[in-house]
Colleague: 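Starting off with a structure, shown below.
Source: prediction; values computed, not measured.
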Amino acid sequence: MWKNIQPAPPDSILGLTEQFKKDQNPAKVNLGVGVYKDNNGNTPILEVVKKAEQTLLTSQTTKSYLPISGDPAYGKAVQKLVFGKDSDVLKSVRAVTVHAPGGTGALKVGADLLKKFKPQARVWVSSPTWANHNGIFGDAGFKIDTYSYYNPESKGLDFDEMLTDLGKVPAGDIVVLHACCHNPSGVDLDQAGWDEVVRVADRQGWIPFLDFAYQGFGDGVEEDRYAVECFGASGMDFLVASSFSKNFGLYNERTGALTIICPSAEEAAVAMSHLKVVIRTNYSNPPAHGGLTATIILDDPELYEQWLAELAAMRDRIRAMRSGLVQGLANCGVEGDFSFIERQRGMFSFSGLSDEVVQWLRAEKGIYMVGGGRINLAGLTTDNIDYVCKSIAEAMQSVS
């Protein structure tokens, strides 16, 4: 049946990793895929995760199915992390959470649910956004539009244009927002900016859908949830897709969550009933291991503090690589001010490198980054950063 069907194009990011693996250059560097790496170039298992897994191994008595929505204790732990344990959202029981297979699974479940009840709505994503946002919401059947976000001239947020665009989004449409550590730009709103966006959303009546994949990778677990807290305090309907891939290192355990927040507990219960229907006809119930592991950590004060410390170490390493890249480019005589890289947050940076430079680096130096010059800073190490900086300097001279 496949004889006359053309192959599908490779994923723009994961396909890059496949090319990287085939590259024979011994100095090759992967700055593409959004996976944390330590200074040895490895994606480690957190020590706190190993402890929690050991507890799970000795205490687990069954491998039976979880409920459709996942383990209830996991849902409560996620809500406490995402909103804060003293949040009114929790006290009023107007949020419901399901354990989804990763942040991607959470987005897809939310998209399918919204399509059932908002079939004519459009989905609005930032320009630019994570490429898979378009795939997920497009596959769910939505037409997709964009709102202004990143300004390539200033290398910062185009906030006035963003507010103007969001102020034109019709009631009932869906707006996807990056809660922190914007992917791919690394440029975030400040707290005053989020206050304005919440006011616009409330006035216009569109539905916010927050992608919260990097909690703790910006400024800290509490600081990074400001946007979620703002929307929670507004009393409006909104959704949050969260992920434990990055901040717990649970990439291949597919540990995420979808939380729906409503004006009342009664409405939240209705939302949960329909969420279960969507999940039942998709993956039926979630994988257990990652969620149970995360719950042990989040519910144990000592393990929680150890997790915060390990998370801070990851965050600090990325910041050090940001500073090292800026200084390294300056030392290599690369023209231009790259200090904006240090002001960005999270794993990613829009480096400002042209597609021609990106292609040259891949072909000539085995340095892989996503088109548009998006760099995963965690792919840099003290061993390869000089090579990367010198290669960028050479590339910019060669293609100029």
Colleague: State whether Y387 and K365 meet the cation-pi test: NZ (Lys) or CZ (Arg) under 6.0 Å from the six-membered ring centroid, and within 45° of the perpendicular axis.
Modeller: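 K365 over Y387 ring: no.
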
Colleague: Would you call the rings of Y214 and F217 parallel, tilted or perpendicular, where under 30° means parallel and over 60° means perpendicular?
Modeller: perpendicular

Colleague: K116 vs D112, test: salt bridge (charged side-chain N to carboxylate O under 4.0 Å, His left out). Steps then yes/no.
Modeller: CA-CA 7 Å; K116 288 181 66 174; D112 288 345; over 6 Å; no

Colleague: Count the heavy atoms of every other residue, nucleotide or ligand shown that sit under 6.0 Å from NZ of K115, and state whether that count exceeds 12.
Modeller: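 Correct, the count exceeds 12.
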
Colleague: Which one of K63, E53, R254, Q60 satisfies the side chain to side chain donor-acceptor pair (under 3.5 Å) criterion with H289?
Modeller: E53

Colleague: Strictly below 4.0 Å, N to O, side chains only: are D188 and R345 in salt-bridge contact?
Modeller: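 Yes, this pair counts.
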
Colleague: For the residue pair H274 and F117, is the inter-centroid distance of their aromatic rings smaller than 6.0 Å?
Modeller: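 Yes - the distance between ring centres of H274 and F117 falls below the 6.0 Å cut-off.
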
Colleague: Are more than 12 heavy atoms from other residues, nucleotides or ligands located less than 6.0 Å from atom CZ of R203?
Modeller: yes

Colleague: Test salt bridge (charged side-chain N to carboxylate O under 4.0 Å, His left out) on E18 and K21 and set out the steps.
Modeller: CA-CA 5 Å; E18 293 176 10; K21 289 178 179 178; over 6 Å; no

Colleague: For residues 327-338, tabulate all N or O donor-acceptor pairs below 3.5 Å that involve a side-chain atom, not counting sequence neighbours.
Modeller:
unit_1 : atom_1 : unit_2 : atom_2 : d
Q327   : NE2    : N331   : OD1    : 2.9
N331   : ND2    : Q327   : O      : 3.4
D337   : OD1    : S339   : N      : 2.9
D337   : OD1    : S339   : OG     : 2.8
D337   : OD2    : S339   : OG     : 3.2

Colleague: Name all residues meeting the salt bridge (charged side-chain N to carboxylate O under 4.0 Å, His left out) criterion together with E229; count only those two or more places apart in sequence or in a different chain, and write none if there are none.
Modeller: R225

Colleague: Hey, is R319 close enough to D219 for a salt bridge, meaning N to O under 4.0 Å?
Modeller: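 So R319 pairs with D219 through a salt bridge.
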
Colleague: Set out, in order, the CA-CA distance, both residues' side-chain angles and the distance that settles side-chain contact (heavy atoms from CB on, under 4.5 Å) for K246 and Y251, then state yes or no.
Modeller: CA-CA 7 Å; K246 278 75 177 179; Y251 294 93; 3.8 Å; yes

Colleague: In the structure I gave you, are the side-chain heavy atoms of H133 and H178 within less than 4.5 Å of one another anywhere?
Modeller: yes

Colleague: Is it the case that the side chains of N376 and Y368 hold a donor-acceptor pair, with the cut-off being a distance below 3.5 Å and no angle test?
Modeller: no

Colleague: Please test D23 against R362 for salt bridge (charged side-chain N to carboxylate O under 4.0 Å, His left out), starting from the C-alpha separation and ending with a verdict.
Modeller: CA-CA 9 Å; D23 196 319; R362 189 184 310 167; over 6 Å; no

Colleague: V98 versus M272: any side-chain heavy-atom pair under 4.5 Å?
Modeller: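 Result yes, sub-4.5 Å side-chain heavy-atom pair found.
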
Colleague: Please lay out, stage by stage, how V48 and F248 fare under the test side-chain contact (heavy atoms from CB on, under 4.5 Å).
Modeller: CA-CA 9 Å; V48 72; F248 278 81; 5.7 Å; no

Colleague: Distance from I392 atom CD1 to M396 atom CE, nearest 0.5 Å?
Modeller: 8.5 Å

Colleague: Step by step, work out the side-chain contact (heavy atoms from CB on, under 4.5 Å) result for L189 and Y226.
Modeller: CA-CA 10 Å; L189 281 76; Y226 184 81; over 6 Å; no

Colleague: Give the C-alpha distance, both sets of side-chain angles, the deciding distance and a yes or no for side-chain contact (heavy atoms from CB on, under 4.5 Å) between T381 and N40.
Modeller: CA-CA 7 Å; T381 68; N40 296 315; over 6 Å; no

Colleague: Does any donor atom in the side chain of E310 or Q306 lie under 3.5 Å from an acceptor atom in the other side chain?
Modeller: yes

Colleague: Atom NZ of residue position K28 - does it have more than 12 heavy atoms of other residues, nucleotides or ligands inside 6.0 Å?
Modeller: yes

Colleague: Given the rule that I, L, V, M, F, W and Y join up when any side-chain heavy atoms are under 4.5 Å apart, are L250 and L66 in one cluster?
Modeller: no

Colleague: Between the side chain of K50 and the main-chain N/O of I45, is any donor-acceptor distance below 3.5 Å?
Modeller: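 No, the answer is negative, given that no donor and acceptor are paired below the 3.5 Å cut-off.
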
Colleague: Fit a plane to each ring of H99 and Y74, take the angle between them on a 0 to 90° scale, and name the class: parallel (under 30°), tilted (30 to 60°) or perpendicular (over 60°).
Modeller: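 Ring orientation of H99 relative to Y74: tilted.
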
Colleague: Test D299 against K76 for salt bridge (charged side-chain N to carboxylate O under 4.0 Å, His left out), laying out the working first.
Modeller: CA-CA 10 Å; D299 285 349; K76 291 180 180 178; over 6 Å; no

Colleague: Taking only residues two or more places apart in sequence or in another chain, which ones pass ring pair (Phe, Tyr, Trp, His ring centres under 6.0 Å) with Y147?
Modeller: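 Listed in chain order: nothing, the list is empty.
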
